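To start, the structure itself, in C-alpha coordinates.
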Amino acid sequence: SQQGEEDPQALSIQEGENATMNCSYKTSINNLQWYRQNSGRGLVHLILIRSNEREKHSGRLRVTLDTSKKSSSLLITASRAADTASYFCATDANYGQNFVFGPGTRLSVLP
Amino acid sequence: NAGVTQTPKFRVLKTGQSMTLLCAQDMNHEYMYWYRQDPGMGLRLIHYSVGEGTTAKGEVPDGYNVSRLKKQNFLLGLESAAPSQTSVYFCASRTSGGFGGELFFGEGSRLTVL
(Lines give C-alpha, C1' and ligand atoms only; values in the text may rest on other atoms or scores of the structure.)
Protein backbone atom coordinates (compact mmCIF):
# COMPACT_ATOMS: atom_id res chain seq x y z
CA SER A 1 0.00 0.00 0.00
CA GLN A 2 1.21 3.48 -0.72
CA GLN A 3 2.42 5.60 2.15
CA GLY A 4 1.79 9.00 0.64
CA GLU A 5 -1.33 10.28 -1.08
CA GLU A 6 -1.35 13.64 -2.81
CA ASP A 7 -4.38 15.85 -3.09
CA PRO A 8 -5.70 17.10 -5.46
CA GLN A 9 -4.93 14.66 -8.27
CA ALA A 10 -4.95 17.54 -10.76
CA LEU A 11 -4.80 21.31 -10.40
CA SER A 12 -5.12 24.00 -13.03
CA ILE A 13 -4.30 27.64 -12.25
CA GLN A 14 -3.39 30.88 -14.00
CA GLU A 15 0.16 32.16 -14.16
CA GLY A 16 0.92 34.32 -11.14
CA GLU A 17 -1.44 32.46 -8.82
CA ASN A 18 -0.32 30.28 -5.94
CA ALA A 19 -0.58 26.50 -6.10
CA THR A 20 -1.07 24.33 -3.04
CA MET A 21 -0.72 20.57 -3.01
CA ASN A 22 -1.25 18.30 -0.05
CA CYS A 23 0.22 14.96 0.96
CA SER A 24 -1.07 12.59 3.60
CA TYR A 25 0.75 9.55 4.91
CA LYS A 26 -0.05 6.66 7.19
CA THR A 27 2.87 5.76 9.42
CA SER A 28 5.48 7.71 11.33
CA ILE A 29 8.31 9.16 9.27
CA ASN A 30 11.77 10.61 9.69
CA ASN A 31 11.52 12.93 6.73
CA LEU A 32 9.30 13.81 3.80
CA GLN A 33 10.44 14.95 0.38
CA TRP A 34 8.81 16.62 -2.60
CA TYR A 35 9.81 15.90 -6.20
CA ARG A 36 8.83 17.39 -9.55
CA GLN A 37 8.50 15.48 -12.80
CA ASN A 38 8.20 17.21 -16.14
CA SER A 39 6.42 15.26 -18.83
CA GLY A 40 8.54 12.39 -20.13
CA ARG A 41 11.42 13.12 -17.75
CA GLY A 42 12.84 11.77 -14.51
CA LEU A 43 11.97 13.10 -11.08
CA VAL A 44 13.88 16.03 -9.66
CA HIS A 45 14.26 16.65 -5.93
CA LEU A 46 12.71 19.89 -4.68
CA ILE A 47 12.89 19.94 -0.91
CA LEU A 48 13.26 17.71 2.15
CA ILE A 49 11.66 18.40 5.50
CA ARG A 50 12.57 16.45 8.61
CA SER A 51 10.06 15.21 11.16
CA ASN A 52 11.22 17.77 13.74
CA GLU A 53 10.68 20.67 11.32
CA ARG A 54 7.34 22.39 10.76
CA GLU A 55 8.09 24.62 7.81
CA LYS A 56 10.79 25.01 5.21
CA HIS A 57 11.35 27.46 2.36
CA SER A 58 13.31 27.24 -0.86
CA GLY A 59 12.87 30.08 -3.34
CA ARG A 60 9.18 30.16 -4.32
CA LEU A 61 8.52 26.87 -2.52
CA ARG A 62 7.13 26.56 0.98
CA VAL A 63 6.65 23.17 2.59
CA THR A 64 4.86 22.51 5.86
CA LEU A 65 4.73 19.32 7.88
CA ASP A 66 2.18 18.40 10.52
CA THR A 67 3.21 15.10 12.05
CA SER A 68 0.14 15.01 14.32
CA LYS A 69 -2.09 14.98 11.25
CA LYS A 70 0.39 12.98 9.16
CA SER A 71 0.21 15.54 6.39
CA SER A 72 2.36 17.94 4.42
CA SER A 73 1.66 20.72 1.98
CA LEU A 74 3.68 22.20 -0.87
CA LEU A 75 2.98 25.81 -1.80
CA ILE A 76 4.35 27.28 -5.02
CA THR A 77 3.99 31.05 -5.03
CA ALA A 78 3.66 33.25 -8.10
CA SER A 79 3.45 30.23 -10.40
CA ARG A 80 4.90 30.24 -13.88
CA ALA A 81 4.10 28.21 -16.98
CA ALA A 82 7.40 26.39 -16.41
CA ASP A 83 6.00 25.03 -13.12
CA THR A 84 3.64 22.82 -15.13
CA ALA A 85 4.59 19.30 -14.03
CA SER A 86 3.59 16.45 -11.73
CA TYR A 87 4.54 16.77 -8.08
CA PHE A 88 5.14 13.82 -5.78
CA CYS A 89 5.67 13.47 -2.08
CA ALA A 90 7.89 10.68 -0.78
CA THR A 91 8.29 9.38 2.75
CA ASP A 92 11.13 7.32 4.12
CA ALA A 93 10.50 3.68 4.92
CA ASN A 94 12.36 0.61 6.14
CA TYR A 95 14.58 2.57 8.56
CA GLY A 96 15.43 5.10 5.89
CA GLN A 97 16.67 2.56 3.36
CA ASN A 98 14.01 3.34 0.81
CA PHE A 99 11.13 5.67 0.02
CA VAL A 100 7.45 5.41 -0.78
CA PHE A 101 5.92 7.75 -3.32
CA GLY A 102 2.36 8.96 -3.65
CA PRO A 103 0.46 8.99 -6.97
CA GLY A 104 1.23 12.67 -7.55
CA THR A 105 -0.56 15.92 -8.36
CA ARG A 106 -0.61 17.13 -11.95
CA LEU A 107 -0.24 20.90 -11.99
CA SER A 108 -1.07 22.93 -15.08
CA VAL A 109 -0.14 26.61 -15.05
CA LEU A 110 -1.91 28.47 -17.84
CA PRO A 111 -0.26 31.56 -19.37
CA ASN B 1 28.28 15.40 -14.95
CA ALA B 2 26.26 12.47 -16.28
CA GLY B 3 24.53 11.68 -12.95
CA VAL B 4 22.28 8.64 -13.44
CA THR B 5 22.15 7.12 -16.91
CA GLN B 6 19.67 4.49 -18.01
CA THR B 7 19.92 2.32 -21.12
CA PRO B 8 18.00 1.65 -23.25
CA LYS B 9 15.52 4.53 -23.24
CA PHE B 10 12.92 2.64 -25.24
CA ARG B 11 12.33 -1.04 -25.88
CA VAL B 12 9.56 -3.18 -27.32
CA LEU B 13 9.47 -6.84 -26.35
CA LYS B 14 7.27 -9.78 -27.17
CA THR B 15 5.73 -11.80 -24.37
CA GLY B 16 8.25 -14.31 -23.06
CA GLN B 17 11.36 -12.48 -24.22
CA SER B 18 14.04 -11.43 -21.79
CA MET B 19 15.96 -8.20 -21.43
CA THR B 20 18.18 -6.23 -19.08
CA LEU B 21 17.96 -2.56 -18.17
CA LEU B 22 21.23 -0.93 -17.16
CA CYS B 23 21.57 1.88 -14.66
CA ALA B 24 24.90 3.62 -14.21
CA GLN B 25 25.75 6.41 -11.76
CA ASP B 26 28.94 8.41 -11.50
CA MET B 27 28.34 10.01 -8.08
CA ASN B 28 29.85 7.18 -5.99
CA HIS B 29 26.47 6.59 -4.36
CA GLU B 30 25.97 3.58 -2.13
CA TYR B 31 22.20 3.18 -2.55
CA MET B 32 20.51 2.43 -5.86
CA TYR B 33 16.87 1.77 -6.69
CA TRP B 34 14.63 0.54 -9.47
CA TYR B 35 11.07 1.90 -9.62
CA ARG B 36 8.28 1.42 -12.11
CA GLN B 37 5.78 4.14 -12.89
CA ASP B 38 2.30 3.40 -14.14
CA PRO B 39 -0.51 5.92 -14.78
CA GLY B 40 -2.19 6.97 -11.54
CA MET B 41 0.05 4.74 -9.43
CA GLY B 42 3.02 6.92 -8.69
CA LEU B 43 6.34 5.12 -8.37
CA ARG B 44 6.52 1.62 -6.96
CA LEU B 45 9.77 0.15 -5.74
CA ILE B 46 10.87 -3.04 -7.48
CA HIS B 47 14.29 -3.79 -5.96
CA TYR B 48 17.00 -1.78 -4.32
CA SER B 49 20.61 -2.10 -3.22
CA VAL B 50 22.40 -0.57 -0.25
CA GLY B 51 25.86 -1.36 -1.55
CA GLU B 52 27.95 -3.34 -3.99
CA GLY B 53 27.02 -7.01 -3.93
CA THR B 54 23.74 -6.48 -2.05
CA THR B 55 20.15 -6.42 -3.25
CA ALA B 56 16.75 -6.40 -1.57
CA LYS B 57 13.14 -6.73 -2.66
CA GLY B 58 10.81 -3.78 -2.80
CA GLU B 59 7.05 -3.53 -3.11
CA VAL B 60 6.64 -5.25 -6.51
CA PRO B 61 9.63 -7.59 -7.10
CA ASP B 62 7.89 -10.50 -8.83
CA GLY B 63 9.05 -11.13 -12.39
CA TYR B 64 12.25 -9.09 -11.96
CA ASN B 65 15.80 -9.85 -10.91
CA VAL B 66 18.64 -7.45 -10.14
CA SER B 67 22.38 -7.47 -9.71
CA ARG B 68 24.88 -4.99 -8.27
CA LEU B 69 28.27 -6.43 -9.17
CA LYS B 70 29.89 -3.01 -9.41
CA LYS B 71 29.11 -0.05 -7.19
CA GLN B 72 28.29 2.22 -10.10
CA ASN B 73 25.94 -0.18 -11.91
CA PHE B 74 22.54 -1.63 -11.04
CA LEU B 75 20.99 -4.03 -13.53
CA LEU B 76 17.29 -4.90 -13.76
CA GLY B 77 16.40 -8.09 -15.59
CA LEU B 78 13.15 -9.45 -16.94
CA GLU B 79 13.53 -13.18 -17.55
CA SER B 80 10.18 -13.74 -19.29
CA ALA B 81 8.42 -10.47 -20.10
CA ALA B 82 4.66 -10.17 -19.62
CA PRO B 83 2.28 -7.44 -20.84
CA SER B 84 1.77 -6.42 -17.18
CA GLN B 85 5.40 -5.29 -17.18
CA THR B 86 4.68 -2.59 -19.74
CA SER B 87 5.72 0.50 -17.83
CA VAL B 88 8.25 3.27 -17.47
CA TYR B 89 11.20 2.20 -15.34
CA PHE B 90 13.25 4.65 -13.31
CA CYS B 91 16.57 4.13 -11.64
CA ALA B 92 17.64 6.32 -8.75
CA SER B 93 20.62 6.61 -6.45
CA ARG B 94 21.60 8.41 -3.26
CA THR B 95 24.33 8.59 -0.71
CA SER B 96 24.07 6.45 2.39
CA GLY B 97 23.74 7.63 5.93
CA GLY B 98 20.87 9.01 7.95
CA PHE B 99 17.22 8.52 7.34
CA GLY B 100 16.75 9.17 3.69
CA GLY B 101 18.24 11.86 1.54
CA GLU B 102 17.90 13.28 -1.93
CA LEU B 103 17.30 10.75 -4.68
CA PHE B 104 18.86 11.36 -8.08
CA PHE B 105 16.82 9.90 -10.94
CA GLY B 106 17.61 8.78 -14.44
CA GLU B 107 15.46 9.87 -17.37
CA GLY B 108 13.55 6.58 -17.50
CA SER B 109 13.29 3.54 -19.74
CA ARG B 110 9.98 3.01 -21.49
CA LEU B 111 9.22 -0.68 -21.98
CA THR B 112 6.34 -2.08 -23.99
CA VAL B 113 5.56 -5.80 -23.88
CA LEU B 114 3.29 -7.04 -26.67
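Both backbone and side-chain heavy atoms feed into the values below; hydrogens, waters and symmetry mates do not. Below, read A as the first sequence line, B as the second, and so on, with proteins coming before strands; counting in each chain starts at 1. Predicted model, so just to flag it, every value in this text is computed and none were measured.
- Neither the backbone nor the side chain of B/Q6 comes within contact range of chain A; no heavy atoms are under 4.5 Å apart.
- Distance CD/B/E102 to CD/A/Q33: 7.5 Å, rounded to 0.5 Å.
- More than 12 heavy atoms of other residues, nucleotides or ligands lie within 6.0 Å of CZ in A/R60, so this atom counts as buried by the packing criterion.
- When heavy atoms are compared at a cutoff of 4.5 Å, B/F104 does not approach chain A at all.
- To the nearest 0.5 Å, atom CZ of residue A/R41 and atom CZ of residue B/F105 are 14.0 Å apart.
- There is no path of hydrophobic side-chain contacts, each under 4.5 Å, that joins B/L78 to B/L22.
- For chain B, no part of A/Q9 is nearby; none of its heavy atoms comes within less than 4.5 Å.
- Rounding to the nearest 0.5 Å places CZ of A/F101 at 5.0 Å from CG of B/L103.
- No path of Ile, Leu, Val, Met, Phe, Trp and Tyr side chains, each step under 4.5 Å between heavy atoms, connects B/V88 with B/Y64, placing them in separate hydrophobic clusters.
- Hydrophobic cluster membership differs between B/V50 and B/V4, with clusters built from Ile, Leu, Val, Met, Phe, Trp and Tyr side chains linked at under 4.5 angstrom.
- Put simply, A/I47 and A/M21 are part of the same group of oily side chains (I, L, V, M, F, W, Y) that touch within less than 4.5 Å, one to the next.
- The nearest pair of heavy atoms linking A/F88 to B/Q37 is CZ-NE2, 3.4 Å.
- For the atom pair A/F99 CZ and B/Y33 OH, the distance stands at 5.0 Å (nearest 0.5 Å).
- Annotation for A/E53: atom CD counts as buried by contact number, over 12 foreign heavy atoms lying within 6.0 Å.
- Residues A/L43 and B/L43 have side chains in contact (heavy-atom distance under 4.5 Å, counting atoms from C-beta outward).
- Neither B/F90 nor B/M32 shares a network with the other; the hydrophobic side chains, linked directly or stepwise wherever heavy atoms of I, L, V, M, F, W or Y lie under 4.5 Å apart, form separate groups for each.
- From A/N98, atom CG reaches atom NZ of B/K57 across 14.5 Å, with rounding to the nearest 0.5 Å.
- Checked by atom type, the side-chain pair A/Q97/B/Y48 shows a donor-acceptor distance below 3.5 Å.
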